[in-house]
K.L.:
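Dumping the structure here so I can ask a few things about it.
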Amino acid sequence: MVKMGLTKQYLRYTSAGNFNIIASLSCNAVFVVLQGQEGRFVAVGGCEDVIVWDLRLGEKALVIPGEKHEVTFILPSPDKQFLAVGYADGSIRVFELSTTDLVATFSGHRSAINCLAYDENGHRLASGSKDTEIIVWDVVAERGLHRLSGHKGIITQVAFLHDRNILVSSSKDTFVKFWDLDTAHCFKTIVGHRTEVWGLALVKNSKYLVTGSSDSELRMWEIKDGKNSSESTLMARDEDPSDITSDESDVASPIICIKAGSILRAGTGRVVGLTADRDGSVLACFGSDNSLEMFEVRSDEEAKLKMKKRLKKQQKKQLSNPEEFKDTSEPMETIPELDENSSPSLKDEIIRLPVIKYGGKVKSTSLAVGRGQELRVASILNNNRLELHSMSLSAKTTPPHSLRVIENQGHHSEVRNVAFSSDGLAIISGSSEALKIWNRPSLACLRTIKTDYILSACFVPGDRHVLLGMKDGKLLIVDIAAGDILEEIEAHSKELWSISVLPDKRGCVTGGGDNTVKFWQFELIQSSESKAKVLSVLHTRSLKLEESVLCVRVSPNSRLLAVALLDSTVKVFYLDTLKFFLSLYGHKLPVTCMDISSDSTLIVTGSADRNVKIWGLDFGDCHRSLFAHDNTVTGIQFIPDTHQFFSCGKDGRVKQWDADSFERIVTIQGHHGEAWGLSVSFNGQYVVSCGSDRVLRMFTRTEEPLVLEDEREQEREEEDNEAVEQSEETTVEGQSALHLPSKKTVGSEKAAEMLLECLEVGAAYAAELDQHNIAVKNTGKEGVVPPPPAIMVAYNASTPSEFLQEVLARIRPSELEECLLRVPFGSVLQLLPQLITLLEKPQQPHTEIVCRTALFLVRVHHGPIMSTSSLLPTIRHLHMLAASKIAELRDLVGVNLHGFLFLQHEIEAREGVILFTEAAAQRKQRGKKRRGPTKRAILTL
């Protein structure tokens, strides 16, 4: 804390890193390419960050930091250079993997992103959200193309069809819809599912669509071109009349989707997820159990070979045992003859691969097929584990084997308590299955000790041992260096809720659910296994109470003992005689946490009634009651040598308070879910908190001063920004509703204000120039040209048209339409003539932005513009200029493209090599031919 005159300033705590999280359960896992290696690096969500794990070394290879919203979906681009990340607030960000730079930001959804899908070239990105809508984004132009509305439930998966301008989507409304992206409408709906469709996948170059629901089968739908399929063929293939498709219009459908069959799952429960590898040759399905089922989709050649073998075997069996077929309902002549034109069945195309069994429920999985037909499977489990398995597709009977398990870098369950060592270099965290010791500078896990459920933990003076209070009432003494539990003491008969070390550091106090407070003295005893002495505790005395003890604290001056009871009161006793001194009552629900200041004058208590109360220890009076959190207060601790303290609650927030002025200083970044506890280092430099999102968050004190008035102003601004983004308004007065693929954001509001200011300043400066020209014309003398306004100089513009050009260029492309939507019609009348001036420039670098602006304004204000006869010549001139400029751009792009192709062929002819895409395609084709005979030999065996 810094004191300057009568104004009190505080030092700001900022985030110093997150640890303990391996992979968030709310996000998926995907293979990414780093350092030119595929199948080695896996990207997962780590709350608001994206973590890329190196599965060869078992370490973090890359961390893409986020802001405050949780990551919900990630997807690499087809060229493997970019990573699209969807967040819980509905925004999407695209990062470059090699540099972690932010490339583009898209804001259009109003709730969390559930799924993402790139098209084949990586030029378009489709996103599905919990708001039941799908948006198709132009990644190159950084703008929205279509908002597809039609589903009535949460979107679960989206995918682009191969070589078709069609998007397929699944939803919890039990429907699968096909969208024509040329017209942005749904032309077909699959209505065969009875319950929610939890996932879909396209396999075999979009020949088959696989959907998973709450039953035990995976439905396979065959996709064909609408022109090449006859109705008779379709009716013959459709086995179940309940699995029908519904056309949305009478227009001829571009594709035909029929049910080809079903795959029975071996797992139980509903389908949680479906995924396929990049080529669609391997399909993986996981449900609510601990197994992952995989299927390989054979190529047409392999499927036909399998069909021929099956028919030959069937005919041979029929000829050798004709008696077996006499009583069957199927006549003998119905067995088809071998024909080159006959099509294989699903049993010939689909082969079941070995099942992978895990030690927990699978939450997400990713597939990658590498060289030598090696299949790698990366899976996230619900116990904060990441596992990598490998198997060979050429030897399908060989069971998959585990290559790497990442588990030591985090707890497998929620962390319930944390504590700092006396020097602040080590941190301990306890959960329901283990105790972990962390290195504070590197945030690395040093040691893991398996235990039962830990309710409380603290360091023993000397930082070589740790005391643990267990759920069964035991008190454990742990040796950190050896990683062993030295002794288990039956301290209490019920839960041991709290441990407090005495100020003289010679013992500790424990409080349990058996209504007792016990005092223990540290001692060294001779070990039975070695000659060295080990730490132990000796029970000295007990205090029996009428209610369960939830928390105990000893004042730093060794005079008082505070005990929080289940009856919502705090009893204060003299430490030496254990005589009653004070009763602090006022909380309506039990006190769950408390702490005493370093000077032993104040005690703060946090309760399940969401309040924090500040008491004086001299008379037991309540100085102030603060409504601190929106849920139960779970942790509270003073900063040493100050009257400032931190608190956390089940609302996930971590807050800093001043017990002298009774003010909240700041709310620092909390947890996504409940916050279970916090700890402040002995020098007050660091704060660590734990929560249900399985993240340990570290905060460090900086030298940056924090002024309360400025902090409150910033908080009000953030609240206003959130209110703007959450508002449902998409139009302004006098305009019809527009179904734009975007939403109102703070950036679009600021851009609209900037554009209006540009028009106002430009008009004023143009008027000054006109007056100057008139004066020069009347007097015949050259005067001083009025200087441009300061804001124009800041934009490096000397004329109003240049100023407008710079302002339009600085508007984010994804926010341009929302910005123009907030420009009133009067300003539009000023803007349209200036767009003509911009287009008339011979070398206009921002032709695309200017044309987009003109087109959108005419579309939105079409009625008023057409009714204003004076505007019609302006619109005609604008149309003529825009058409010519766009034609010039198209010609320029074509010349550049063919120029590069000419240079490519020149280099190939001169150097004798094949470059770029053609070389990769030819090499891939040669590899397929080379592997062909080997596959056939294996199948023949």
Side-chain angles (χ1 to χ4, degrees), residues 28-31 38-39 42 55 157 159 198-213 215-221 260-299 302-303 306 344-382 385-405 931 935 938-939:
N28 63 319
V30 290
F31 279 102
E38 189 172 2
V42 173
L55 296 181
Q157 192 60 268
W198 292 102
L200 62 83
L202 294 169
V203 297
K204 206 170 182 179
N205 288 331
S206 299
K207 179 182 178 182
Y208 292 112
L209 170 68
V210 186
T211 58
S213 185
D215 48 20
S216 60
E217 66 174 345
L218 300 178
R219 291 175 171 84
M220 293 198 67
W221 310 84
S262 298
I263 303 175
L264 292 180
R265 297 171 47 228
T268 58
R270 71 171 180 88
V271 172
V272 175
L274 278 173
T275 185
D277 69 322
R278 182 175 176 82
D279 297 329
S281 59
V282 180
L283 175 70
C285 171
F286 54 93
S288 55
D289 52 4
N290 300 351
S291 61
L292 176 69
E293 299 178 66
M294 293 182 294
F295 308 90
E296 184 183 5
V297 184
R298 290 189 174 104
S299 63
E302 292 177 335
K306 176 66 176 177
S345 62
L346 277 183
K347 63 175 66 176
D348 301 319
E349 294 186 276
I350 307 296
I351 180 172
R352 192 182 297 269
L353 299 177
V355 177
I356 301 179
K357 294 290 185 180
Y358 293 97
K361 293 183 179 180
V362 184
K363 289 298 180 182
S364 178
T365 190
S366 181
L367 307 177
V369 179
R371 298 178 179 176
Q373 291 295 293
E374 181 193 9
L375 173 65
R376 291 200 169 189
V377 184
S379 300
I380 296 176
L381 306 186
N382 66 337
R385 289 161 56 110
L386 178 62
E387 296 192 14
L388 176 67
H389 285 75
S390 175
M391 67 172 296
S392 176
L393 293 178
S394 58
K396 299 177 177 58
T397 57
T398 305
H401 60 280
S402 176
L403 294 181
R404 171 71 68 176
V405 178
R931 290 192 298 267
K935 290 184 178 180
I938 294 174
L939 290 173

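These numbers come from a predicted model, not from an experiment.
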K.L.:
Between D289 and S291, is any side-chain donor less than 3.5 angstrom from a side-chain acceptor?
P.N.:
yes
K.L.:
Would you indicate whether the side-chain heavy atoms of H389 and L292 approach each other to under 4.5 Å?
P.N.:
no
K.L.:
Any side-chain heavy atom of L388 within less than 4.5 Å of one from R376?
P.N.:
yes
K.L.:
Determine whether L353 and L393 make a side-chain contact, defined as any pair of heavy atoms from C-beta on separated by less than 4.5 Å.
P.N.:
yes
K.L.:
Can you tell me how far apart NZ (K363) and CZ (R385) are? Round to the nearest 0.5 Å.
P.N.:
15.0 Å
K.L.:
Do you know which of V203, L346, D279 makes side chain to side chain contact (heavy atoms under 4.5 Å, CB included) with V297?
P.N.:
V203
K.L.:
Where the side chain of S262 meets the backbone of R219, is there a donor-acceptor pair that is under 3.5 Å apart?
P.N.:
no
K.L.:
Check whether any side-chain heavy atom of L381 sits under 4.5 Å from a side-chain heavy atom of V362, and report yes or no.
P.N.:
yes
K.L.:
Does a salt bridge link R352 with E293, judged by any charged N lying under 4.0 Å from a carboxylate O?
P.N.:
yes
K.L.:
Report the distance from atom CG of N28 to atom OG of S379, rounding to the nearest 0.5 Å.
P.N.:
12.0 Å
K.L.:
Going by an N to O cut-off under 4.0 Å, is there a salt bridge joining K207 and E349?
P.N.:
yes
K.L.:
May I ask you to decide if I380's main-chain N or O and S364's side chain share a donor-acceptor pair within less than 3.5 Å?
P.N.:
no
K.L.:
Atom CG in N205, atom OG in S281: separation rounded to 0.5 Å?
P.N.:
9.5 Å
K.L.:
Is the backbone of G280 close enough, under 3.5 Å, to the side chain of K204 for a donor and an acceptor to pair up by distance?
P.N.:
no
K.L.:
Write down the atom of Q157, the atom of L200, and the distance for their closest heavy-atom approach.
P.N.:
CG-O, 3.6 Å
K.L.:
With a 3.5 Å cut-off and no angle check, do the side chains of S390 and E374 form a donor-acceptor pair?
P.N.:
yes
K.L.:
Could you grab the distance from atom CG of L403 to atom CG of L55, nearest 0.5 Å is fine?
P.N.:
9.0 Å
K.L.:
Tell me, do V272 and K361 make a side-chain contact under 4.5 Å, heavy atoms counted?
P.N.:
no
K.L.:
Under 3.5 Å, is there a donor-acceptor pair between the side chain of R404 and the main chain of L386?
P.N.:
no
K.L.:
Could you check whether any side-chain heavy atom of I356 comes within less than 4.5 Å of a side-chain heavy atom of T365, counting everything from C-beta outward?
P.N.:
no
